[in-house]
Each structure stands twice: as C-alpha cells, then as structure tokens.
Chemist: 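Mind looking over this structure? Questions follow.
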There are 2 protein chains.
Amino acid sequence: MQLTLSTNKLSETTEDAAVIEQLARQLKVLGEPNRLRIVQLLREGVQCNCELGDALEMAPNLISHHLRILREVGLVEVERDAVDARWIYYSLNRAALKELTALFGAFFDPARIKERHPSCGPQGSVVRTDEILVVT
Amino acid sequence: MQLTLSTNKLSETTEDAAVIEQLARQLKVLGEPNRLRIVQLLREGVQCNCELGDALEMAPNLISHHLRILREVGLVEVERDAVDARWIYYSLNRAALKELTALFGAFFDPARIKERHPSCGPQGSVVRTDEILVVT
DNA sequence: TAATTAGTTCAACAATCATTGATCTATTAG
DNA sequence: CTAATAGATCAATGATTGTTGAACTAATTA
C-alpha cells in the first residue's frame, strides 16, 4: 500500500481513510510498553526470543506473542539460523519503519496544523481557558 | 518531562524506561481509529464537539470521551468561546506534537538500527527465510 | 531412538476499554 | 423563571487483549 496523505480534498474520504486505519493499526501495536521495549532491544541488535525474554524478564511464549503481533503489522521480520535451525532471529523491518516515520512525521507535523475556521458557534472571540474542565 | 533518548549506556535502564512508557501511552491513545480521525479533523481546523460528531457520525458523549483521553496525554487543548461559553473548542497541542514527532522519528529511525550481535545461538551464518512461520 | 533445546500454539482468565443510553451541569435565549 | 443548547459525566455492557500455564513442533544431540 502506498502510504501518503492526500493534499487535495478529492480522495480524502476514501484513500486517507485506509491510510489512517493502517496507521492506527501500527500505532496500536506500538502503543504497548512491552512491545515498545522489544522494539528498543531490536534497535540495539538483540534478536532471539531468549535474549528478549532475559532482558525483559518475560516468558518465551509472551515474547513470542508480542513478536507475532509486531510481525502482523509488518514492523518485524524473521530469520532462521542456517547452522542450527532451532534458533530464530527477529529484526526490525527497515522499509516499514522508513514508511511509518515518514507518514507519522507528516501526519503530526505541527507546521501543517491549520487555523480554526469554525462552521458552528457564535464565531466570537476566543479566550484561552485551559484546565477549566476538570480531569481526574 | 524532557523527552530525549539517551545515547550512553548509563541511564538506559532508568531514564529511557520513563521515556518509553510515556511514548507508549501517547501511541496507545493515537492507536485508536476514531481518535486518529479526530486528530485529522483537528489538523484541518475543525474544533467543536458537534462538528467532530457530525463529521465522524459519532455521539457527542463519545466524542467527549475520546477528546478527554487525547487531553490526558497532552495532545489536545481546550478553549471556551468568549461570547457564548457553551461552545468549547478543541485544538492540537503544537508543542506536544513537536516533541512527539521528534521522539518518534528518533526512536524508529531505520538508520539507527544496529547490526545483529547475538549473545546466544551457534553464531552461524544466517539465511533469510521469511514467512517460515505460519501467521493466520 | 530418547532426551534437550528453542520456540510456538492453545485455552483460560483478568483487565482494559470503546460504545451506548441516561442523567447531569452550565450557559444562553425567550 | 422556563426552555433550549452544548457538552460532560455516570453506569452498564460487550469486545478486545495482555498474561499465564500447559501442551505441542521442530531441530539437534547423546
């Protein structure tokens, strides 16, 4: 899938919707502390299930579970050792991360946030009143 | 909180852990399709509850719920209309987004992924065998 | 062949969370 | 004072999902 954000209004409802859903799926996967720690370890070059489990003090089956989820959204790849095929190595998918960081940077770029142009309300002047609403 | 990733090994266990947890919390919030759609609308300048609800075909209380969650992680800010205080306007927190995009870009930068240096396994040659593991 | 090893898969449980409908608050209009 | 408006809060529900322990596969070793 080509992951770019449309700048024209035309394809906004169809194309962008798919991009947003794909982005949401990946961010949801990354929005889990243990998975984010796994990604951090993979960045450092750690790669087999046991190493990850040792570093994070997690059971192998749980590591396996999170790696599967990371794989399902294309962020992680798998290799088997050519000498001893019992060992399986995991690594980050560089192409996927390149695409993701580009999309993320574009989507959340503060510079691209447009000014308010309300289509409802009295359209009166607005006064900043942060923290008026109580948040527990 | 200062959100930068340590490059030295020293503070990796303490400082980075907090950064990763904060990052995970924000990504988790953004990893929800409807919230991501709300963010997209806020990027376009749409801001009041009713506008968001109309655009997304969601009930006001649900919009309210998601906006609260976006606020709790600092991504969204609130203003009240100075003329008619019944109207509440939501907007993206530019500073928070700037910090987030910088951290995200650094954390997931493909160029910073280190090569494998396994501390376990037979350390034999590795052959690429993608999709060996069945994923349903 | 039998025993280890590395890792996955499965079933069950508990916690989290998005959604819904109803109620409540605050503000403005009549 | 009495609606009406904009929106938040509350309680309940159903689905999703992280975690756990046990069983299972596949590969290697003795």
Side-chain angles (χ1 to χ4, degrees), chain A residues 24-25 27-38 46-54 56-73 76 78-90 118-124 126-127 129 131-136, chain B residues 24-25 28-38 47-54 56-73 76 78-90 118-124 126-127 129 131-136:
Chain A
R25 273 175 51 225
L27 294 183
K28 184 178 189 176
V29 165
L30 293 175
E32 208 286 321
N34 282 329
R35 280 197 287 267
L36 213 49
R37 291 183 197 111
I38 288 177
V46 182
Q47 279 178 324
C48 72
N49 186 314
C50 64
E51 278 178 302
L52 296 169
D54 289 350
L56 299 175
E57 293 180 331
M58 290 167 62
N61 56 350
L62 190 49
I63 299 288
S64 201
H65 168 248
H66 286 305
L67 284 172
R68 161 195 277 264
I69 291 179
L70 285 165
R71 260 172 48 83
E72 283 175 350
V73 293
V76 160
V78 190
E79 305 169 277
R80 267 185 192 270
D81 192 291
V83 172
D84 188 338
R86 286 174 302 183
W87 296 80
I88 300 177
Y89 303 113
Y90 291 91
S119 61
C120 62
Q123 325 230 347
V126 170
V127 169
T129 54
E131 305 307 332
I132 268 194
L133 302 174
V134 178
V135 173
T136 49
Chain B
R25 272 177 50 228
K28 183 178 188 176
V29 165
L30 295 175
E32 209 283 323
N34 282 329
R35 280 197 288 267
L36 212 48
R37 292 184 195 110
I38 288 177
Q47 280 179 322
C48 72
N49 186 315
C50 64
E51 277 177 304
L52 296 169
D54 288 349
L56 300 175
E57 294 182 329
M58 290 167 61
N61 55 350
L62 189 49
I63 297 288
S64 200
H65 168 249
H66 286 304
L67 284 171
R68 161 194 275 263
I69 292 180
L70 284 165
R71 260 172 48 84
E72 283 174 349
V73 293
V76 160
V78 190
E79 307 169 275
R80 266 185 192 271
D81 193 291
V83 173
D84 186 339
R86 285 175 301 182
W87 296 81
I88 300 178
Y89 302 112
Y90 291 92
S119 63
C120 62
Q123 326 231 345
V126 170
V127 169
T129 54
E131 304 307 334
I132 269 195
L133 303 174
V134 178
V135 171
T136 50

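If you're wondering where the values come from, they're calculated on a predicted model, not measured in any experiment. Protein chains get the first letters and strands the later ones, always in sequence-line order, with residue 1 at the start of each.
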Chemist: Which whole-number value in Å describes the distance from A/Asn49 CG to C/dT9 C1'?
Modeler: 13 Å

Chemist: Test of understanding: with salt bridge (charged side-chain N to carboxylate O under 4.0 Å, His left out), list the residues that count as partners of A/Asp84, not counting sequence neighbours.
Modeler: A/Arg86

Chemist: Rounded off to whole Å, could you give me the CH2-to-C1' distance for the A/Trp87 and D/dT29 pair?
Modeler: 14 Å

Chemist: Measure CZ/B/Arg68 against C1'/D/dT9 and give the value in whole Å, please.
Modeler: 8 Å

Chemist: Find the distance B/Ile88:CD1 to D/dG7:C1' and express it as a whole number of Å.
Modeler: 6 Å

Chemist: Using the test side-chain hydrogen bond (donor to acceptor under 3.5 Å, both in side chains), find all partners of A/Glu51 that sit at least two apart in sequence or belong to another chain.
Modeler: B/Ser119

Chemist: Within the 4.5 Å heavy-atom criterion, are A/Leu67 and A/Ile38 side-chain neighbours or not?
Modeler: yes

Chemist: Residues in side-chain hydrogen bond (donor to acceptor under 3.5 Å, both in side chains) with B/Asn34, at least two apart?
Modeler: B/Arg37

Chemist: Test of understanding: with side-chain hydrogen bond (donor to acceptor under 3.5 Å, both in side chains), list the residues that count as partners of B/His66, not counting sequence neighbours.
Modeler: B/Arg35

Chemist: Sugar-phosphate atoms are those with a prime plus P, OP1 and OP2; base atoms are the rest. Using that split, label each nucleotide of nucleotides 16-22 of chain D B, S or - for protein heavy atoms under 4.0 Å, 5' to 3'.
Modeler: SSSBBBB

Chemist: Going by the rule salt bridge (charged side-chain N to carboxylate O under 4.0 Å, His left out), which residues pair with A/Arg25 if we only count those two or more places apart in sequence or in a different chain?
Modeler: none

Chemist: What integer distance in Å separates A/Ile63:CD1 from C/dT9:P?
Modeler: 15 Å

Chemist: Sugar-phosphate means primed atoms, P, OP1 and OP2; the rest is base. With that split, encode nucleotides 25-30 of chain C 5' to 3' as B, S or - using protein heavy atoms under 4.0 Å.
Modeler: --BS--

Chemist: Side-chain polar contacts of residues 56-64 of chain B - donor-acceptor pairs under 3.5 angstrom, sequence neighbours left out - could you list them?
Modeler:
none

Chemist: Could you give the distance from SG (A/Cys50) to CD1 (A/Ile88), rounded to the nearest 0.5 Å?
Modeler: 11.0 Å

Chemist: Could you check how far CG of B/Leu67 sits from P of D/dT9, rounded to whole Å?
Modeler: 11 Å

